[in-house]
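Throughout, a chain's letter reflects where its sequence line sits, starting with A, and its residues are numbered from 1.
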Protein chains: 2
Amino acid sequence: MPTADRAAPTIVDVARAAGVSKSLVSLAIRGDAGVSEATRTRILAVADDLGYRSNVLARGLARGRTQVIGVLVSDLSNPYHADVVAGIESRADAAGLGTVIGHGQSDARILAARLDQMLDLGVDGVIVVSAMLDAAALDAAAARRPVVMVGRPFEQPRHVSVVRNHDERGASLALDHLHGLGHRRIVHLASSRRAAASARRHAYGEAMTRADLPSTTLWVDEGGVAALLAAAGTPAGPTACFAGNDRTAATLLHDALDAELAVPTELSIVGYDDAQIARQVRPGLTTVAQPREAIGREAARLLLARIDGDSDTVEVTLEPSLAVRGTTAAPC
Amino acid sequence: MPTADRAAPTIVDVARAAGVSKSLVSLAIRGDAGVSEATRTRILAVADDLGYRSNVLARGLARGRTQVIGVLVSDLSNPYHADVVAGIESRADAAGLGTVIGHGQSDARILAARLDQMLDLGVDGVIVVSAMLDAAALDAAAARRPVVMVGRPFEQPRHVSVVRNHDERGASLALDHLHGLGHRRIVHLASSRRAAASARRHAYGEAMTRADLPSTTLWVDEGGVAALLAAAGTPAGPTACFAGNDRTAATLLHDALDAELAVPTELSIVGYDDAQIARQVRPGLTTVAQPREAIGREAARLLLARIDGDSDTVEVTLEPSLAVRGTTAAPC
DNA sequence: AGAGAGTTCTGGAGCGTTCCAGTAGCGTTG
DNA sequence: CAACGCTACTGGAACGCTCCAGAACTCTCT
């Protein structure tokens with residue numbers, strides 16, 4: 001219950017009220033060892049009493065550290081991000097650091113502006129949860145503060161640590177599953193030519209080659225869904241589809257059902273991401289799940305280490321897993 | 001392209017390089033009138049050249065203003081929030097203010113902690129996009145900085161402006177629509193006893209009374225969905241349901257289809273929010289749409305006014321509209 | 001008892017800004 | 001030409017904190 005009459009109480013007010021110097025208040029509050037137990041409790045009591053809150057701006061200015069990290073997200077409404085952020089926050093909280101989130105509305109320019117803004121605000125480091133920023137922007141930010149990025153960078157920035165999921169392994173999980181069910185004609189439905197998508201596309205190609213099967217990639221923005229549905233009914237048509245992400249997979253599922261194509265019996269579908277939508281569609285979408293919270297925690301861990309001066313940039317890859325639901329079955 | 005050799009250049013570096021006093025640099029950069037055009041351009045050129053960025057911490061400390069506002073959301077993955085935040089940001093950007101987002105993981109305690117944290121960071125004001133915080137927490141924050149909340153507060157805080165959608169009107173829209181289609185036995189499916197939900201529930205009751213129809217409210221957490229589905233098949237059972245929000249409506253739709261109950265012919269469903277999910281389910285959900293971006297812009301407008309010292313707290317209500325999709329039809 | 005070693009505490013400089021009270025220079029005016 | 005009023009600029013205090021060198025005090029040891 002802060003008293004907060006007029007202006008917020010400062011460290012000097014606390015010092016005066018406790019009859020000590022402001023330096024000692026500073027030490028006591030930060031838990032420095034060289035303060036006697038008696039005075040410390042007294043000072044803390046007085047501070048609490050006055051409703052004192054240490055001024056982050058002043059501390060940041062004096063120390064060059066604000067104890068706050070920034071998280072830059074390209075798109076708030078992407079539920080993938082929410083889990084990653086939760087992971088970051090849990091780690092940051094544990095280390096006693098605050099977290100602020102910046103939001104770039106899926107626009108690289110806005111994203112870059114927000115990144116600068118957060119750095120201006122004095123955050124101690126930034127985690128970029130977006131693959132939309134180019135290496136130059138990332139490196140410019142990294143020249144100011146430690147930066148860690150989550151996801152697969154389009155081009156590798158030089159001074160930025162990266163945490164990503166193992167898209168190759170994820171694609172293998174999906175294709176092994178389909179192959180194991182008996183599927184042989186499996187097409188890939190790609191959403192865009194962005195980095196994460198292309199990693200999955202390549203992994204698809206390699207896994208198919210490994211299994212000695214022909215690979216076919218269709219693009220959503222080039223009428224791939226319609227082409228796939230048209231082919232799926234025919235004798236030599238595909239019996240399964242590995243989609244680049246869950247949104248694409250959900251669209252396909254939707255349109256397939258509209259076209260009276262039975263899923264999974266006539267067409268099996270596997271998505272990627274294990275987004276919320278994968279559980280909301282009917283039947284539930286079989287999909288590759290990324291360890292989102294773990295990715296967030298790992299990113300935070302790397303950032304904290306770099307803030308503590310520790311280290312050089314690294315790249316960490318985490319293992320995905322497969323969530324089997326209702327859109328996959330043996331071909332009929 | 002910042003040079004950024006060692007430490008970031010300060011206003012003093014710029015002053016020295018331009019051969020003027022630091023005060024003049026400060027004035028020039030902030031666009032003060034009393035600086036000759038010649039010196040201003042020279043100073044700005046030098047600043048740009050050195051890659052000077054004004055230190056928000058120092059400015060905040062000296063001025064008591066950081067030019068950054070905070071947005072507190074209860075849940076990142078709620079797509080409703082993303083639109084509101086976009087509206088807030090567009091307004092804040094226009095006013096030259098930065099925006100940081102804090103995230104409370106749908107937990108009132110975390111939410112309150114993040115709120116304090118943002119205030120500690122020195123934001124000039126906060127917009128709370130969540131109905132989970134109690135009046136005491138909001139008022140405590142409002143004692144420090146201007147606070148505007150979006151949504152319907154559980155209890156009315158005293159020093160906080162509120163922007164909300166007109167739940168009563170929204171419920172009327174939904175019920176008029178159903179009534180117009182010929183429905184007479186319309187039940188309400190309520191998700192929780194939170195503020196927004198109870199406003200909708202009351203509005204439902206009143207609209208039904210106005211139309212001289214009996215009202216029945218079922219609760220999701222008390223087996224309401226099952227009860228509703230059981231009754232819906234029977235002769236005197238309900239022919240339509242007005243759900244408290246889209247998530248609830250989607251669950252109902254899902255379970256209805258599972259139970260082989262035809263939607264909309266045997267049961268019409270109207271949701272509330274026009275969330276993403278309303279467009280993703282099949283058939284598309286008829287639902288009440290809130291003007292989300294407008295709500296965000298309005299909230300930012302109110303906050304900026306209060307930051308400029310302008311005003312007393314107000315309450316603004318914006319009009320919802322009805323998005324008619326595939327889950328409503330005349331009863332058969 | 002004096003030196004040395006802790007322990008606990010203090011005063012002041014400094015972080016990068018803004019703000020305020022001036023000052024310098026110059027043209028106008030009575 | 002002294003007084004005045006502008007415009008363009010300056011120096012230093014202040015914002016609230018941290019950090020550092022050192023002061024004051026208490027113990028121990030010789």
Asks: Roughly how far, to the nearest 0.5 Å, is CD of Gln290(B) from CD1 of Ile295(B)?
Replies: 5.0 Å
Asks: Mind grabbing the angle between the end helix axes of the helix from dA1(C)-dT30(D) to dG30(C)-dC1(D)? Five pairs an end, 10° rounding.
Replies: 60°
Asks: Could you state the CG-P distance from Asp32(A) to dC19(D), rounded to the nearest angstrom?
Replies: 10 Å
Asks: Please state how far atom CD in Gln67(A) lies from atom P in dG16(D), giving the value in whole angstrom units.
Replies: 20 Å
Asks: Not counting sequence neighbours, which residues clear salt bridge (Lys or Arg N to Asp or Glu O under 4.0 Å) with Arg63(A)? List them please.
Replies: none
Asks: Do NZ/NE/NH1/NH2 and the carboxylate oxygens of Arg158(A) and Asp139(A) come within less than 4.0 Å?
Replies: no
Asks: CD1 of Ile11(A) versus C1' of dG16(D): gap in Å, rounded?
Replies: 8 Å
Asks: To the nearest angstrom, how far is Asp120(A) atom CG from dG16(C) atom P?
Replies: 14 Å
Asks: Give me the distances for all protein-to-nucleotides 21-24 of chain C N/O pairs that come in under 3.5 Å?
Replies:
none

Asks: Using OP1 and OP2 only, check whether a side-chain N or O of Arg30(A) sits under 4.0 Å from dC19(D).
Replies: yes
Asks: Looking at every non-hydrogen atom in both residues, tell me the closest pair between Ile101(B) and Val73(B) and how far apart they are.
Replies: CG2-CG2, 4.2 Å
Asks: Please list, chain by chain and in numerical order, all residues satisfying side chain to side chain contact (heavy atoms under 4.5 Å, CB included) with Arg109(A), sequence neighbours excluded.
Replies: Asp107(A)
Asks: Can you tell me if Ser54(A) and Arg59(A) form a side-chain donor-acceptor pair at under 3.5 Å?
Replies: yes
Asks: Taking the side chain as everything from C-beta on, heavy atoms only, tell me whether Arg297(B) gets closer than 4.5 Å to Ser90(B).
Replies: yes
Asks: Measure from CG on Leu57(B) to C1' on dT18(D) and round the result to the nearest Å.
Replies: 13 Å
Asks: Distance-only check: which donor-acceptor pairs under 3.5 Å involve side-chain atoms of residues 24-35 of chain A, not counting sequence neighbours?
Replies:
{"unit_1": "Ser26(A)", "atom_1": "OG", "unit_2": "Arg30(A)", "atom_2": "NE", "d": "3.3"}
{"unit_1": "Ser26(A)", "atom_1": "OG", "unit_2": "Arg30(A)", "atom_2": "NH2", "d": "2.8"}
{"unit_1": "Arg30(A)", "atom_1": "NE", "unit_2": "Ser26(A)", "atom_2": "O", "d": "3.3"}
{"unit_1": "Asp32(A)", "atom_1": "OD1", "unit_2": "Gly34(A)", "atom_2": "N", "d": "2.9"}

Asks: Polar pairs (N or O, both sides) under 3.5 Å between protein and nucleotides 8-15 of chain D?
Replies:
{"unit_1": "dC9(D)", "atom_1": "OP1", "unit_2": "Thr39(B)", "atom_2": "OG1", "d": "3.3"}
{"unit_1": "dC9(D)", "atom_1": "OP2", "unit_2": "Ser36(B)", "atom_2": "N", "d": "3.2"}
{"unit_1": "dC9(D)", "atom_1": "OP2", "unit_2": "Ser36(B)", "atom_2": "OG", "d": "3.3"}
{"unit_1": "dC9(D)", "atom_1": "OP2", "unit_2": "Thr39(B)", "atom_2": "OG1", "d": "2.9"}
{"unit_1": "dT10(D)", "atom_1": "OP2", "unit_2": "Ser21(B)", "atom_2": "N", "d": "2.8"}
{"unit_1": "dT10(D)", "atom_1": "OP2", "unit_2": "Ser21(B)", "atom_2": "OG", "d": "3.0"}
{"unit_1": "dG11(D)", "atom_1": "N7", "unit_2": "Ser23(B)", "atom_2": "OG", "d": "3.1"}
{"unit_1": "dG11(D)", "atom_1": "O6", "unit_2": "Ser23(B)", "atom_2": "OG", "d": "2.6"}
{"unit_1": "dG12(D)", "atom_1": "N7", "unit_2": "Lys22(B)", "atom_2": "NZ", "d": "3.3"}
{"unit_1": "dG12(D)", "atom_1": "O6", "unit_2": "Lys22(B)", "atom_2": "NZ", "d": "2.9"}
{"unit_1": "dG12(D)", "atom_1": "O6", "unit_2": "Ser23(B)", "atom_2": "OG", "d": "3.2"}
{"unit_1": "dC15(D)", "atom_1": "O2", "unit_2": "Ala62(B)", "atom_2": "N", "d": "3.4"}

Asks: At their closest point, which heavy atom of Leu72(A) faces which heavy atom of Leu111(A), and how far apart are they?
Replies: CD2-O, 3.6 Å
Asks: Any side-chain heavy atom of Glu89(B) within less than 4.5 Å of one from Arg114(A)?
Replies: yes
Asks: Would you kindly give the CZ-to-P distance between Arg65(A) and dC15(C), to the nearest whole Å?
Replies: 18 Å
Asks: Check the distance between dC17(D)'s P and Leu121(B)'s CG and give it to me in whole angstrom.
Replies: 14 Å
Asks: Return the value, rounded to whole Å, for the distance between atom CG of Asn55(A) and atom C1' of dC17(D).
Replies: 7 Å
Asks: Any idea which heavy atoms bring Asp83(B) and Glu293(B) closest together, and the distance?
Replies: O-CG, 3.6 Å
